[in-house]
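Worksheet: one structure, shown below.
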Amino acid sequence: MIGKFDTKVQELKYQVLKEVARSYVRGTLNQDILKIPEMISPGPKPTMRCCIYKERAIVIDRIQLAMGGDKQNKNILEVLPSACDQCPIGGIQVTDACRGCLAHRCESACRLKAISFDENLRAHIDKSKCVNCGLCLKACPFEAIVNHKRPCEAACKVGAIHMREDRISEIDEEKCTRCGACSYMCPFGAIMDKSFILPCLDLLKDAKEGKSHVYMVIAPSISSQFHYAKLGQVISGIQKLGFHSVVEAALGADMVAYDEAKELAEKGFLFSSCCPAFVEYIRHSFPDLAEHISHNLSPMARIAKYIKETDPTGKVVFAGPCIAKKMEIDREDSSPYIDCVITFEELQALIDAMDIDLASLDEKPLDNASYYGRIFARSGGLTDAVKEALEEQNSTFEVKPFSASGLQDCKTALMQARKKTNTWNFLEGMACVGGCIGGPCCLTHEVRDAASVDKYGHESKETTIKGAISSVLALKDFNTK
């Protein structure tokens with residue numbers, strides 16, 4: 001698997017998903033549940049944890065998530081307690097860089113009197129008093145005091161991760177946006193998204209029995225993934241799985257950009273609606289600004305809506321790098337159009353579970369979205385598309401955009417909007433740094449990914465957004481391709 005994933009955590013997740021999918025297709029999953037851990041951690045020596053039994057116990061927990069996880073927990077993300085036991089407690093700590101100085105600025109800064117000094121005059125922090133406010137850290141001239149955060153806590157920019165009394169991480173449901181940053185950054189893979197790989201296989205089984213057509217809508221960021229094969233071969237592989245047709249979400253992006261430009265010109269001030277984690281963040285943390293969210297569906301939902309209008313009995317599966325998309329399909333505005341969401345990691349697992357060798361397949365073309373629809377995958381792409389759509393509509397509205405990459409940037413921009421200090425009138429918000437190419441379930445997160453997206457965009461035969469939309473509408477039915 002070298003070269004397919006960034007980390008060994010992703011590879012482990014993939015191995016579990018692949019074996020679960022393979023057993024499910026064979027009809028032997030119930031019998032294989034206890035065999036899969038031995039396949040992944042054969043022993044006799046452990047390779048990841050303290051002992052082989054610990055490794056296998058964690059794999060069993062991963063299998064449960066691969067089968068859909070805890071039905072009582074509505075969050076797409078779940079913490080695996082068995083895996084979450086290796087991180088230091090963290091918080092504000094004094095390092096060996098403390099010089100035992102005379103000024104004792106750290107002591108003066110601490111209002112809770114949590115700092116004392118030993119016989120060598122070096123500072124110590126009483127954890128029973130410390131609230132991790134960070135004032136001592138800022139006061140130390142030697143930078144000898146640091147704030148050690150768990151990787152999951154550091155990755156979560158909305159403060160939704162905290163530590164329980166037993167040192168296990170826990171997710172605050174009221175704050176979580178389902179962006180998945182914690183999942184990707186945990187070095188032990190202790191936070192994982194629930195898989196919809198089995199419902200996807202059920203849809204494909206129904207299709208094989210002639211009950212319906214199953215369409216796969218793929219995110220524009222697919223152009224930056226599956227580096228070991230050509231995109232046309234990936235499309236062939238997806239169809240080999242049993243999908244009737246593969247459709248670009250970028251076509252939906254073209255439609256959204258065109259309508260969002262109109263809405264912006266009408267209202268004069270707008271937040272984008274394409275990223276579900278960004279939309280959730282506004283509704284949770286900035287409810288007073290929610291009225292400015294665009295009323296457009298996301299590109300995923302928009303193209304799925306069109307597919308179901310052309311084939312009412314069709315089923316739609318979306319594949320992308322995003323965990324929050326799994327949450328979006330439960331939203332009232334999107335649920336009628338999307339039947340299932342899987343990630344690129346799950347798509348890779350499905351392909352390999354069916355023993356499909358992508359690199360050996362012939363290439364098949366993908367629907368011809370415009371350059372602007374395809375670059376939605378990277379930060380700034382939506383902004384460029386809205387600008388282009390305004391020009392194509394001969395609008396005189398002057399757009400002053402701001403592209404927020406990552407929830408920290410989104411927070412800064414939204415604070416400006418709340419205080420009315422913003423100089424922009426259109427906010428493109430992406431929860432993941434870099435845009436969708438930074439999604440937690442990308443196979444790889446590389447510098448070249450943004451260039452891959454632009455390259456794929458330039459390969460489009462449609463030079464305008466309007467042209468791409470017109471070509472889709474003229475097609476009328478994806479069955480005719």
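Heavy atoms only: backbone and side chains are in, while hydrogens, waters and symmetry mates are out.
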Notebook entry, point to check: For Ala181, which residues count as a side chain to side chain contact (heavy atoms under 4.5 Å, CB included) partner, sequence neighbours excluded?
Noted result: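 Expected list: Ala155, Cys179.
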Item checked: Set of residues satisfying side chain to side chain contact (heavy atoms under 4.5 Å, CB included) with respect to Lys205, sequence neighbours excluded ->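 Expected list: Glu209.
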Next item on the list: State which residues pass side-chain hydrogen bond (donor to acceptor under 3.5 Å, both in side chains) with Ser236; sequence neighbours excluded, sorted by chain then number.
Entry: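 With sequence neighbours excluded, Ser236 shows a side-chain hydrogen bond (donor to acceptor under 3.5 Å, both in side chains) to no residue whatsoever.
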Checklist line | Residues in side-chain hydrogen bond (donor to acceptor under 3.5 Å, both in side chains) contact with Lys455, at least two apart in sequence or another chain | finding: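 Listed in chain order: Glu459.
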Contact check, side chains of [X] and [Y], non-hydrogen atoms, under 4.5 Å:
{"X": "Ile222", "Y": "Phe344", "answer": "yes"}
{"X": "Glu345", "Y": "Tyr14", "answer": "no"}
{"X": "Ile161", "Y": "Asp172", "answer": "no"}
{"X": "Gln416", "Y": "Leu414", "answer": "no"}
{"X": "Pro276", "Y": "Arg331", "answer": "yes"}
{"X": "Ile191", "Y": "Glu78", "answer": "no"}
{"X": "Gln10", "Y": "Leu12", "answer": "no"}
{"X": "Asp61", "Y": "Ser82", "answer": "yes"}

Taking atom types as modelled, find out whether [X] and [Y] have a side-chain donor-acceptor pair closer than 3.5 angstrom.
{"X": "Arg374", "Y": "Ser223", "value": "no"}
{"X": "Thr383", "Y": "Glu428", "value": "yes"}
{"X": "Asn296", "Y": "Ser273", "value": "no"}
{"X": "Asn75", "Y": "Glu173", "value": "yes"}
{"X": "Glu280", "Y": "Thr177", "value": "no"}

Contact summary for [X] and [Y], nearest pair of heavy atoms:
{"X": "Ser221", "Y": "Ile437", "result": "CB-CG2, 4.2 Å"}
{"X": "Ile145", "Y": "Leu137", "result": "O-CG, 3.3 Å"}
{"X": "Cys410", "Y": "Gly429", "result": "SG-CA, 4.0 Å"}
{"X": "Gly27", "Y": "Gln31", "result": "O-OE1, 4.1 Å"}
{"X": "Leu17", "Y": "Ser195", "result": "CD2-OG, 3.5 Å"}
{"X": "Ser405", "Y": "Gly435", "result": "OG-N, 4.2 Å"}

Notebook entry, point to check: Can the positive tip of Lys4 be found less than 6.0 Å from the middle of the six-membered ring of Tyr228, inside 45° of the ring normal?
Noted result: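 Yes, a cation-pi geometry.
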Next item on the list: Answer yes or no on whether Lys411 is positioned over the face of Tyr281, meaning its NZ or CZ is under 6.0 Å from the six-membered ring centre and within 45° of the axis.
Entry: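 No; the conditions do not both hold, so Lys411 does not lie above the ring face of Tyr281.
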Hey, are [X] and [Y] close enough for a salt bridge, meaning a charged N less than 4.0 Å from a carboxylate O?
{"X": "Lys13", "Y": "Asp193", "answer": "yes"}
{"X": "Lys74", "Y": "Asp330", "answer": "no"}
{"X": "Lys326", "Y": "Glu346", "answer": "yes"}
{"X": "Lys35", "Y": "Glu38", "answer": "no"}
{"X": "Glu363", "Y": "Lys230", "answer": "yes"}
{"X": "Arg26", "Y": "Asp32", "answer": "yes"}

Donor-acceptor list for residues 115-127 side chains, cut-off 3.5 Å, not counting sequence neighbours:
from   : atom 1 : to     : atom 2 : distance (Å)
Asp118 : OD1    : Asn120 : N      : 2.8
Asp118 : OD1    : Leu121 : N      : 3.0
Asp118 : OD1    : Arg122 : N      : 2.9
Asp118 : OD2    : His124 : NE2    : 3.0
Arg122 : NE     : Cys98  : O      : 3.3
Asp126 : OD1    : Ser128 : N      : 2.9
Asp126 : OD1    : Ser128 : OG     : 2.5
Asp126 : OD2    : Ser128 : OG     : 3.3
Lys127 : NZ     : Ile92  : O      : 2.5

Notebook entry, point to check: Pick one: which of Val256, Val217, Ile303, Leu366 meets side-chain contact (heavy atoms from CB on, under 4.5 Å) with Leu251?
Noted result: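 One option only clears the test, and that one is Ile303.
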Check: Do Val158 and Cys176 pass the side chain to side chain contact (heavy atoms under 4.5 Å, CB included) test, and can you show the C-alpha distance, the side-chain angles, and the key distance before you say yes or no?
Finding: CA-CA 7 Å; Val158 297; Cys176 181; 6.0 Å; no
Nearest 0.5 Å please: distance from the [atom1] atom of [X] over to the [atom2] atom of [Y].
{"X": "Arg302", "Y": "Leu297", "atom1": "CZ", "atom2": "CG", "value": "7.0 Å"}
{"X": "Ile60", "Y": "Leu65", "atom1": "CD1", "atom2": "CG", "value": "13.0 Å"}
{"X": "Leu427", "Y": "Ser272", "atom1": "CG", "atom2": "OG", "value": "6.0 Å"}
{"X": "Ile323", "Y": "Lys194", "atom1": "CD1", "atom2": "NZ", "value": "12.0 Å"}
{"X": "Glu11", "Y": "Lys18", "atom1": "CD", "atom2": "NZ", "value": "9.0 Å"}
{"X": "Thr47", "Y": "Lys8", "atom1": "OG1", "atom2": "NZ", "value": "8.0 Å"}

Next item on the list: Kindly indicate, with the supporting measurements, whether the criterion side chain to side chain contact (heavy atoms under 4.5 Å, CB included) is fulfilled by Leu80 and Phe188.
Entry: CA-CA 10 Å; Leu80 300 174; Phe188 287 95; over 6 Å; no
Checklist line | Stepwise side chain to side chain contact (heavy atoms under 4.5 Å, CB included) check, Gln348 with Phe5 | finding: CA-CA 10 Å; Gln348 180 70 75; Phe5 299 101; 3.9 Å; yes
Next item on the list: Kindly determine whether Arg62 and Met192 satisfy side chain to side chain contact (heavy atoms under 4.5 Å, CB included), including the steps that lead there.
Entry: CA-CA 8 Å; Arg62 291 185 181 282; Met192 182 174 161; 3.6 Å; yes
Item checked: Sequence neighbours excluded - ring-ring contact (aromatic ring centres under 6.0 Å, His included) pairs with any residue from residues 157-185 ->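 Sorted result for residues 157-185: Tyr184-His445.
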Note to self: Would you say that more than 12 heavy atoms from the other residues, nucleotides or ligands in this model lie under 6.0 Å from the CE of Met185, or not?
What the structure shows: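 No, not enclosed.
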